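A short write-up of the structure that comes next.
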There are 2 protein chains.
Amino acid sequence: MVTIRDVAKHAGVSPATVSRVVNGLVGYSEETRRRVEEAVTSLNYETDFMARGLKTRQTSVIGLLAPMVSDALASEVMRGVEEAAREQGYAVMLGRTGLQSIFIDGYLRTLRTYRAAGVILISAVITQETRQILGPNIPIISVAISDRSGSPSVSIDDERAAYDATRYLLSLGHRRIGLLAGDPASVFVAHPRQRGYERAMAEAGHPPVVAHGTFFYDSGAPGLDELLRQDPDLTAIFAVSDEMAAAAVNELQERGRRVPDDVSVLGFDNTSTAQHVHPPLSTVAQPLEEMGRAAVRKLLRARNLGPRIVPHSIIARGSTGPPKNQHQPSQEL
Amino acid sequence: MVTIRDVAKHAGVSPATVSRVVNGLVGYSEETRRRVEEAVTSLNYETDFMARGLKTRQTSVIGLLAPMVSDALASEVMRGVEEAAREQGYAVMLGRTGLQSIFIDGYLRTLRTYRAAGVILISAVITQETRQILGPNIPIISVAISDRSGSPSVSIDDERAAYDATRYLLSLGHRRIGLLAGDPASVFVAHPRQRGYERAMAEAGHPPVVAHGTFFYDSGAPGLDELLRQDPDLTAIFAVSDEMAAAAVNELQERGRRVPDDVSVLGFDNTSTAQHVHPPLSTVAQPLEEMGRAAVRKLLRARNLGPRIVPHSIIARGSTGPPKNQHQPSQEL
DNA sequence: TTGTACGCGTTATCAC
DNA sequence: GTGATAACGCGTACAA
């Protein structure tokens with residue numbers, strides 16, 4: 001292992017000077033810089049992050065905590081985080097918090113003792129406790145969750161997005177629209193989306209039809225069943241996750257209903273799942289990868305005060321279309 | 001920040017003793033242990049990983065490198081790695097290598113200066129260069145790739161799995177089976193799978209029909225098109241990734257062919273994608289999560305010499321069935 | 001069990 | 001302005 005003192009000896013200067021050159025500080029002549037750099041490359045010197053971190057009480061590590069490291073949404077955000085971090089010279093430390101944030105405390109402690117430069121939380125809110133464990137020196141930011149506490153965050157406006165999505169279905173002519181909502185326990189995403197749907201339906205004067213799922217694929221079919229029991233004549237299903245929407249599409253076809261001819265289905269998140277079903281899902285897009293990148297930038301810029309809302313958009317693919325109106329013939333013509 | 005010396009003072013012992021107690025070594029009385037532990041909890045002491053790493057030249061960090069952090073296969077492996085690492089008290093540092101392993105060198109260097117305890121490579125082979133950058137002290141292991149170089153690895157026998165999968169289709173009665181193969185450039189997975197298919201077909205006396213894709217969803221439809229052009233009467237498609245298989249299912253249905261009644265489709269990997277299409281994909285399962293866990297264990301046990309082959313299995317879901325045999329009526333009855 | 005040198009980069013202090 | 005010296009950060013390991 002070649003140390004800073006080896007380089008200093010080779011270049012005929014002191015370790016302090018080498019340090020200054022390596023870190024691009026001031027206080028040396030052009031000639032010294034050249035000699036030091038020559039020594040660095042010829043000896044293949046690399047700064048020891050441990051030693052540096054011990055002294056500076058900072059490492060170039062960003063902690064990334066996701067409830068499931070394997071779900072499509074988290075994966076997209078992770079990709080953005082990883083790219084932005086690498087570009088800025090940071091490494092990413094990965095942790096899974098579990099659905100009920102079981103492991104989060106342990107990870108935060110680890111990140112603290114590793115003197116992480118910051119922490120990014122996917123789909124989880126920043127609690128008082130979180131902040132406390134992390135201490136005052138490590139910034140934290142949440143991504144892809146509507147956290148109204150004013151903590152640093154990057155997200156879309158979930159209420160507005162669901163409102164817009166419902167309006168989109170209304171604009172296609174649908175009146176009987178069912179909501180495949182999220183787990184009411186995970187109130188921070190599920191609730192705003194449900195509110196947005198309900199607001200749009202109320203404004204249009206149509207009764208809401210709601211069933212609850214878990215966001216995951218498996219809950220899509222039972223949820224659809226529940227919705228159709230409430231109203232067998234639904235012409236559109238709005239699911240608050242692509243996974244549930246995909247399950248709904250498949251289950252509808254299983255029951256002999258065509259998508260979108262008989263029933264339109266609209267998803268949420270625009271993950272890769274949306275494109276893997278047939279017909280491909282129309283969905284509400286969150287710019288997930290960009291949100292990951294934005295989170296890194298915000299974290300490192302240290303002006304990460306308060307929430308940042310990024311724009312959502314609605315992507316129309318094959319799973320949505322006008323209703324056939326067979327059950328409500330020319331009601332409004 | 002409370003240091004080991006603070007604890008020592010509080011407990012009336014030396015820093016060295018505190019260190020031994022904290023690390024569960026021997027050489028202190030029961031009474032001292034009690035006093036030290038009391039001091040640790042009352043002062044809320046936590047070991048500084050930087051200082052420890054500086055001295056021991058080791059940190060509890062495992063590097064995890066994947067070509068795409070967001071694909072379904074890597075995600076499953078990552079989940080296993082994360083879980084096993086956490087249980088053993090290790091943190092996971094994540095890196096994306098890019099499809100052509102563009103960033104791998106940079107990450108390896110970073111991992112070296114962080115004195116990682118080991119490196120796990122998903123879907124990439126360990127080259128001479130890789131080993132050289134990492135140095136002799138950091139073990140490395142590859143996962144989910146048939147690397148015949150004898151380097152430490154955890155994978156299925158891809159050739160055998162593809163052979164078995166093809167035999168499975170043959171046993172259903174299929175004779176005209178097309179292979180949607182992988183990118184021939186990524187020779188380490190694509191090639192063995194193709195060989196397994198070709199061996200099974202040769203043994204059965206049927207001509208192979210092969211088209212190449214990229215493993216990704218988008219290449220499925222063009223690949224299918226290519227296969228059907230070579231033989232319009234194929235009754236089964238074996239795709240070497242679930243994504244391509246999913247695309248094939250969707251494209252077949254788009255063309256008015258029923259799955260599995262007209263054409264059976266078999267996937268590979270058993271990722272979540274397999275369950276998101278309709279009908280759900282029959283597929284060759286790799287125990288991806290378990291492979292991730294095994295990689296961590298193997299890495300830390302330091303008896304990680306040579307490859308380890310884990311068993312594959314074939315999961316029959318809705319996308320495969322016997323051929324209708326309309327083109328080859330009762331040939332063997 | 002304890003004292004203490006050590007690992008290595010950084011930075012404050014000092015000399016030229 | 002240039003550069004050197006040395007103390008420092010904190011846990012570990014070896015000699016005592």
Side-chain angles (χ1 to χ4, degrees), chain A residues 1-40 43-61 89 109-110 112-117 135 137, chain B residues 1-37 39-40 43-61 89 91 109-110 112-117 135 137:
Chain A
M1 177 120 236
V2 38
T3 76
I4 202 170
R5 280 167 242 268
D6 298 328
V7 177
K9 210 164 294 171
H10 189 101
V13 297
S14 75
T17 303
V18 176
S19 176
R20 277 192 248 112
V21 172
V22 167
N23 294 305
L25 304 180
V26 290
Y28 47 83
S29 67
E30 179 59 22
E31 167 62 11
T32 339
R33 189 192 59 74
R34 216 191 42 67
R35 289 235 307 287
V36 168
E37 282 179 352
E38 189 276 321
V40 165
L43 292 179
N44 216 342
Y45 167 76
E46 273 162 21
T47 304
D48 185 311
F49 290 6
M50 293 296 123
R52 172 185 284 169
L54 181 59
K55 182 67 181 179
T56 62
R57 316 186 63 76
Q58 259 272 325
T59 51
S60 301
V61 168
R109 258 182 272 274
T110 302
R112 181 153 60 89
T113 64
Y114 272 110
R115 307 192 193 297
N137 299 319
Chain B
M1 179 119 232
V2 36
T3 76
I4 204 170
R5 281 167 243 268
D6 298 327
V7 177
K9 208 165 297 173
H10 188 99
V13 297
S14 76
T17 304
V18 176
S19 176
R20 273 187 265 111
V21 172
V22 167
N23 293 307
L25 304 180
V26 291
Y28 44 84
S29 68
E30 179 59 23
E31 166 62 12
T32 0
R33 190 192 57 76
R34 217 191 41 69
R35 289 234 307 286
V36 169
E37 283 180 351
V40 165
L43 293 179
N44 216 341
Y45 168 75
E46 273 162 20
T47 305
D48 184 311
F49 290 5
M50 293 296 122
R52 173 184 286 168
L54 180 58
K55 183 66 182 181
T56 63
R57 317 185 63 77
Q58 259 272 327
T59 51
S60 300
V61 168
R109 255 180 273 275
T110 301
R112 181 154 59 90
T113 64
Y114 271 110
R115 306 191 194 297
N137 298 319

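Convention: sequence-line order gives letters A, B, ...; per-chain numbering from 1. Note that the structure is a prediction, hence the values are computed from the model and not measured.
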Are side-chain heavy atoms of Val2(B) and Val7(B) found at a separation under 4.5 Å? yes
Counting the atoms with a prime plus P, OP1 and OP2 as sugar-phosphate, which does Val22(A) contact under 4.0 Å by heavy atoms, base, sugar-phosphate, or nothing? nothing
Comparing nearest nucleotides in DNA chain C, the 5'-proximal residue of the pair Arg5(A), Gly27(B) is Gly27(B)
Short side-chain N/O contact from Thr47(A) to OP1 or OP2 of dG9(C), under 4.0 Å: no
With a 4.5 Å cut-off on side-chain heavy atoms, are Phe49(A) and Val61(A) touching? no
Counting just side-chain N and O atoms, does Thr3(A) come under 4.0 Å of either OP1 or OP2 of dG7(C)? no
Return the value, rounded to whole Å, for the distance between atom CG of Leu54(A) and atom P of dT12(D). 12 Å
Looking at every strand, decide which applies to Arg20(A) at a 4.0 Å heavy-atom threshold: base, sugar-phosphate, or nothing. base
Quick check: on DNA chain D, is the nucleotide nearest Ala51(A) upstream (toward 5') of the one nearest Ser14(A), or the reverse? Name the residue that is more 5'. Ser14(A)
Grab the NZ-P distance between Lys55(B) and dT12(D) for me, whole Å please. 10 Å
Remember a base hit wins even if backbone is also touched, and classify Phe49(B) as base, sugar-phosphate or nothing at under 4.0 Å, heavy atoms. nothing
Which heavy atom of Ala117(B) sits nearest to which heavy atom of Thr59(B), and what is that distance? CB-O, 3.4 Å
Would one find a side-chain N or O of Thr56(A) under 4.0 angstrom from OP1 or OP2 of dG9(D)? no
Starting at CZ of Arg115(A) and ending at C1' of dG11(D), how long is that distance when rounded to a whole Å? 12 Å
Whole angstrom value for the distance that separates C1' of dG11(D) from CD of Glu46(B): 15 Å
Arg52(A) atom CZ is separated from dT10(C) atom C1', nearest whole Å, by 9 Å
Students often get this wrong, so: under 4.0 angstrom with heavy atoms, is Arg57(B) touching a base, only sugar-phosphate, or nothing? sugar-phosphate
Rounded to whole Å, the CG-C1' distance (Asp6(A) to dG9(C)) equals 13 Å
Nearest-Å distance, CD1 (Ile4(A)) to P (dT5(D))? 14 Å
Do the side chains of Glu37(B) and Arg33(B) get close enough for a salt bridge, i.e. N-O under 4.0 angstrom? yes
Expressed in angstrom and rounded to an integer, what is the separation of Glu31(A) atom CD from dG3(D) atom C1'? 14 Å
Beyond-backbone contact of Tyr45(A) with Thr47(A), side-chain heavy atoms, under 4.5 angstrom: yes
Side chain of Thr32(B) only, heavy atoms from C-beta on: which candidate in dT10(C), dC10(D), dT1(C) is closest? dT1(C)
